[in-house]
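First listed ligand is number 1; within each ligand, the first listed atom is number 1. Scope of the values below: all heavy atoms of this structure, side chains included, with no hydrogens, waters or symmetry mates.
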Amino acid sequence: MPDLMDTYVENRWMVQPNHANTLQTAHGGRVLKWMDEVGAMSGMRFSGESCVTAHINHVDFNRPILVGDLALIEAYVYSAGRTSVRVRLRAYREDPRTGDRELTTESYFVYVAIDEDHQPTPVPELTISSERAEQLREEAINGENGTSEH
Ligand SMILES: CC(=O)SCCNC(=O)CCNC(=O)[C@H](O)C(C)(C)COP(=O)(O)OP(=O)(O)OC[C@H]1O[C@@H](n2cnc3c(N)ncnc32)[C@H](O)[C@@H]1OP(=O)(O)O
């Protein structure tokens, strides 16, 4: 049974002019695409299956990510159903020189594990075996319910 920490995936992209809008900041659709990809990686790591995106909850773009910044995307599975997997996604802008980062976007995605026939297929149970994992799960549940502070 995979542990929450086993599903923790992060990836970075350097924001290039071809990722930007006319304001020279990352296009929102591009950021969502990166989030979706990293979330799917997390869901696949958890389930051992291909995963498709079934649902994206509300998305607020709180800060822009400038061309030349790094877009850092973090994902982890915090809950699992029979065939569905809930993934917390956070996007940060990161200064490539200092590593300073600020949260820009947060969302909660539902993926469904599918078999070779593209039909939903069961996922394992999620285990929580450390204080850090428990903290991450609580943060996700509170964030999804709109009760977190950020
Ligand atoms: C990473 C990517 O970019 S993938 C590309 C974009 N995504 C897609 O193309 C997916 C297109 N959609 C589909 O193929 C189908 O609707 C599927 C596979 C997501 C679901 O198929 P369905 O036949 O509706 O499945 P079914 O009704 O049995 O539900 C399966 C699970 O999905 C969950 N689910 C289905 N739709 C949703 C939804 N909109 N929101 C939340 N959960 C959902 C169900 O609650 C169920 O969860 P559980 O098994 O944990 O109880």
Query raised in the report: Checking Thr53 side chain against His55 main chain: does a donor-acceptor pair fall under 3.5 Å?
Result: no
Between ligand 1 and the protein, which N/O pairs are shorter than 3.5 Å?
unit_1	atom_1	unit_2	atom_2	d
ligand 1	3 (O)	Asp36	OD2	3.3
ligand 1	7 (N)	Thr53	O	3.0
ligand 1	39 (N)	Ala54	O	3.3
ligand 1	47 (O)	Ser84	OG	3.3
ligand 1	49 (O)	Thr83	N	2.9
ligand 1	49 (O)	Thr83	OG1	2.6
ligand 1	50 (O)	Arg82	N	2.8
ligand 1	50 (O)	Thr83	N	3.1
ligand 1	50 (O)	Ser84	N	3.0
ligand 1	50 (O)	Ser84	OG	2.6

Query raised in the report: Is there a donor-acceptor pair closer than 3.5 Å between any side-chain N or O of Asp115 and the backbone N or O of Gln119?
Result: yes
**Report entry** All side chain to side chain contact (heavy atoms under 4.5 Å, CB included) counterparts of Ala26, not counting sequence neighbours
**Finding:** Val15, Val31, Ile65
Query raised in the report: Aromatic rings His19 and Trp34: how do their planes relate, parallel, tilted or perpendicular, breaks at 30° and 60°?
Result: perpendicular
Query raised in the report: When the ring planes of Phe109 and Tyr111 are compared, do they come out parallel, tilted or perpendicular, using 30° and 60° as the limits?
Result: parallel
Query raised in the report: Between Arg101 and Glu74, does at least one N-O distance fall below 4.0 Å, as a salt bridge requires?
Result: yes
